[in-house]
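This report concerns only the one structure given below.
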Amino acid sequence: MEVTESTYGKTRIFDVEKIRNDFPILSREVNGKPLVYLDNAATTQKPYSVIETISHYYKFNNANIHRGLHFLSEVATEEYEKARLKVKEFINALSASEIIFVRGTTEGINLVAESLSRKNHFEEGDEVIISHMEHHSNIIPWQLLRDEKGIVLKVIPINDKGELILEEFEKLITPKTKFVSVVHVSNTLGTVNPVKEIVDIAHKYDIPVLLDGAQATAHLKIDVQDLGCDFYAFSGHKMFGPTGIGVLYGKAELLEEMPPYQGGGEMIREVSFEKTTYNDIPHKFEAGTPNIVGGIGLGAAIDYLRSFNFTEIHRYEQELLKYGTKLLSDIEGLKIIGKAENKNAVISFVIDGVHPYDIGTIIDTDGIAIRTGHHCTQPLIERFGLTATARASFAMYNKKEEIDKLAESLIRTIKMFK
Ligand code: 7TS
């Protein structure tokens with residue numbers, strides 16, 4: 001099936017009240033107050049269309065895929081593969097065979113690290129470059145390779161605003177540099193990295209690049225061909241889709257040469273005790289029964305996102321960011337961490353004399369959900385001389401009124417600690 005623009009019908013007018021009505025959870029109360037959900041970098045809420053797609057699948061179409069010749073198995077397979085095509089269109093990959101369904105960003109990165117290692121892409125002393133603002137899921141897989149293969153991890157530094165220092169990146173490259181893996185948008189700072197430039201620089205030296213797109217896909221239009229990256233990993237649950245499903249995009253010519261990540265059913269062509277031949281990509285990387293309903297649900301989330309114009313989503317979220325930055329900056333004793341010029345709607349902050357955990361706990365009593373802690377970016381938090389921040393992260397269904405409530409609740413918190 002060809003997925004075309006017409007599959008998505010007319011682009012919806014961006015109307016935040018109408019958008020909010022698509023998300024049932026947004027009308028619930030928490031601690032007797034209307035929920036103010038500002039933890040979207042951790043996970044986004046789900047629209048009816050996604051919830052109903054999942055429910056419909058289990059009610060009417062549930063079967064294992066790529067196996068049985070029976071009716072339901074064919075329906076389920078078709079739905080799952082249709083979702084793969086939607087992902088392909090969504091990120092503008094060249095082919096659906098470049099779309100591997102995984103558990104999430106974390107598994108996508110681990111898959112690449114493991115498979116490249118198995119291919120002997122790395123020798124002892126070879127270097128992998130990451131950045132100072134990586135999520136742990138783009139640090140630990142490479143540290144595991146460091147322990148296993150003796151590779152060296154190099155880190156692109158950042159400035160005090162929380163931006164990558166691009167000139168330093170090129171200086172880190174040596175003939176031993178074999179891979180670059182960098183986050184597209186920082187979950188802690190909101191910084192949008194100049195990933196296209198990073199890819200261009202790395203490619204001058206024939207070094208493949210992986211981009212961690214976990215925080216990008218719900219907020220920016222992604223075009224992997226335009227970015228030129230070799231791999232792009234993201235999670236369904238951070239873009240209005242279900243948990244337990246994500247995507248690893250990889251250029252076909254690289255995936256073809258990479259050995260499987262896990263062995264099992266689905267990923268083989270023929271098996272004997274002496275020799276096994278593998279299936280074509282992407283199936284070679286999808287051992288076992290996959291998260292079928294997750295894939296189909298992700299397809300529904302993509303349909304939902306594509307019913308809007310990304311430029312409008314971005315414009316609106318930038319408005320929220322500007323409004324929130326101003327409002328929170330005006331609170332005495334509050335300091336925003338992460339002031340990149342190019343930033344998505346994430347505001348990390350600390351307050352003099354109030355521990356982030358206390359902030360989170362107290363404003364929760366007002367029904368406000370934010371995240372506190374190191375956000376799985378401990379080296380980054382330490383770079384700012386901290387152990388934790390409070391973080392409000394926005395999605396397109398958030399409103400300025402919710403930021404007002406956040407500010408009021410923070411002021412109440414500060415008063416309690418005085
Ligand atoms: N990379 C980035 C940039 C992330 O923000 C996250 C999750 C991951 C990778 C891992 O994604 P997963 O879906 O595989 O778990 N970030 C967060 C967060 O900021 N708060 O909770 C999870």
Side-chain angles (χ1 to χ4, degrees), residues 37-46 87 100-114 130-144 155-156 158 162-164 180-193 195 198 209-220 222 229 231-249 261 291 294-295 297-298 301 337-338 340 342-349 356-357 360 369-381 383 386 388-395:
Y37 187 76
L38 301 177
D39 193 17
N40 293 287
T43 199
T44 55
Q45 299 302 346
K46 320 302 169 197
V87 175
I100 302 167
F101 280 124
V102 288
R103 204 155 49 80
T105 310
T106 304
E107 188 174 45
I109 300 172
N110 276 278
L111 187 160
V112 173
E114 275 284 311
I130 58 172
S131 86
H132 210 129
M133 64 174 91
E134 298 310 319
H135 187 275
H136 294 166
S137 61
N138 197 23
I139 302 176
I140 325 291
W142 308 110
Q143 287 178 333
L144 289 171
V155 180
I156 311 170
I158 59 171
E163 296 165 323
L164 286 188
V180 173
S181 195
V182 174
V183 69
H184 190 171
V185 178
S186 161
N187 61 317
T188 300
L189 307 174
T191 309
V192 181
N193 285 317
V195 284
I198 289 173
V209 180
L210 180 148
L211 299 177
D212 168 354
Q215 297 296 340
T217 46
H219 312 282
L220 302 170
I222 304 303
C229 57
F231 301 97
Y232 196 93
F234 57 99
S235 302
H237 70 98
K238 293 187 198 285
M239 48 184 284
F240 314 119
T243 49
I245 189 78
V247 171
L248 174 71
Y249 155 82
Y261 167 55
N291 184 351
L298 175 58
I337 310 295
N342 193 1
K343 188 175 164 176
N344 270 5
V346 173
I347 306 178
S348 255
F349 58 93
Y357 290 113
I370 60 161
R371 191 81 158 187
T372 60
H374 52 58
H375 319 294
C376 297
T377 56
Q378 243 176 313
L380 173 64
I381 293 286
R383 159 70 179 74
L386 301 166
T389 72
R391 178 192 69 185
S393 53
F394 302 87

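Starting from 1, each residue takes its place in the sequence as its number. The analysis underlying the following values was restricted to heavy atoms, covering all of them including side chains, and did not include hydrogens, waters or symmetry mates. When a ligand or atom number is given, it counts from 1 through the structure's own listing order.
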Inset, instruction - Under 4.0 Å, heavy atoms only, figure out whether ligand 1 is touched by the backbone of Asp212, its side chain, both or neither. - result: side chain
Inset, instruction - Between Arg391 and ligand 1, find which residue part has any heavy-atom pair under 4.0 Å and reply side chain, backbone, both or neither. - result: side chain
Which atoms of ligand 1 have any heavy atom of [X] under 4.0 Å away?
X      : value
Ser137 : 1 (N), 8 (C), 9 (C), 10 (C)
Ser235 : 11 (O), 12 (P), 13 (O), 14 (O)
Val183 : 3 (C)
Thr106 : 10 (C), 11 (O), 12 (P), 14 (O), 15 (O)
Asn187 : 5 (O), 16 (N), 18 (C), 19 (O)

From [X] [atom1] over to [Y] [atom2], what is the distance, rounded to the nearest 0.5 angstrom?
X      : Y      : atom1 : atom2 : result
Met133 : Ile139 : CE    : CD1   : 11.5 Å
Ile158 : Thr191 : CD1   : OG1   : 7.0 Å
Ile337 : Leu386 : CD1   : CG    : 5.0 Å

Inset, instruction - Apply side chain to side chain donor-acceptor pair (under 3.5 Å) to Glu114 and list each qualifying residue two or more places apart in sequence or on a separate chain. - result: none
Inset, instruction - Examine ligand 1 and decide if any of its atoms is less than 4.0 Å from a heavy atom belonging to His237. - result: yes
Inset, instruction - Look at ligand 1 and say whether Arg103 reaches it with a heavy atom at a distance under 4.0 Å. - result: no
Inset, instruction - Return the option from Lys238, His375, Arg371, Gln215 holding the heavy atom at the smallest distance from atom 5 (O) of ligand 1. - result: Gln215
Inset, instruction - Could you tell me the residue and atom name of the protein heavy atom closest to atom 4 (C) of ligand 1, and the distance to it rounded to 0.1 Å? - result: His135 CD2, 3.4 Å
Legend entry - Validation row: Ile109, Asp212 side chains within 4.5 angstrom (heavy atoms): yes
Inset, instruction - Indicate whether the side chain of Ser137 and that of His135 have a donor and an acceptor atom separated by less than 3.5 Å. - result: yes
Legend entry - Thr243 (side chain) donor-acceptor with His237 (main chain) under 3.5 angstrom: no
Inset, instruction - Please identify each residue that fulfils side-chain contact (heavy atoms from CB on, under 4.5 Å) with His219, with sequence neighbours left out. - result: Glu317, Asn344
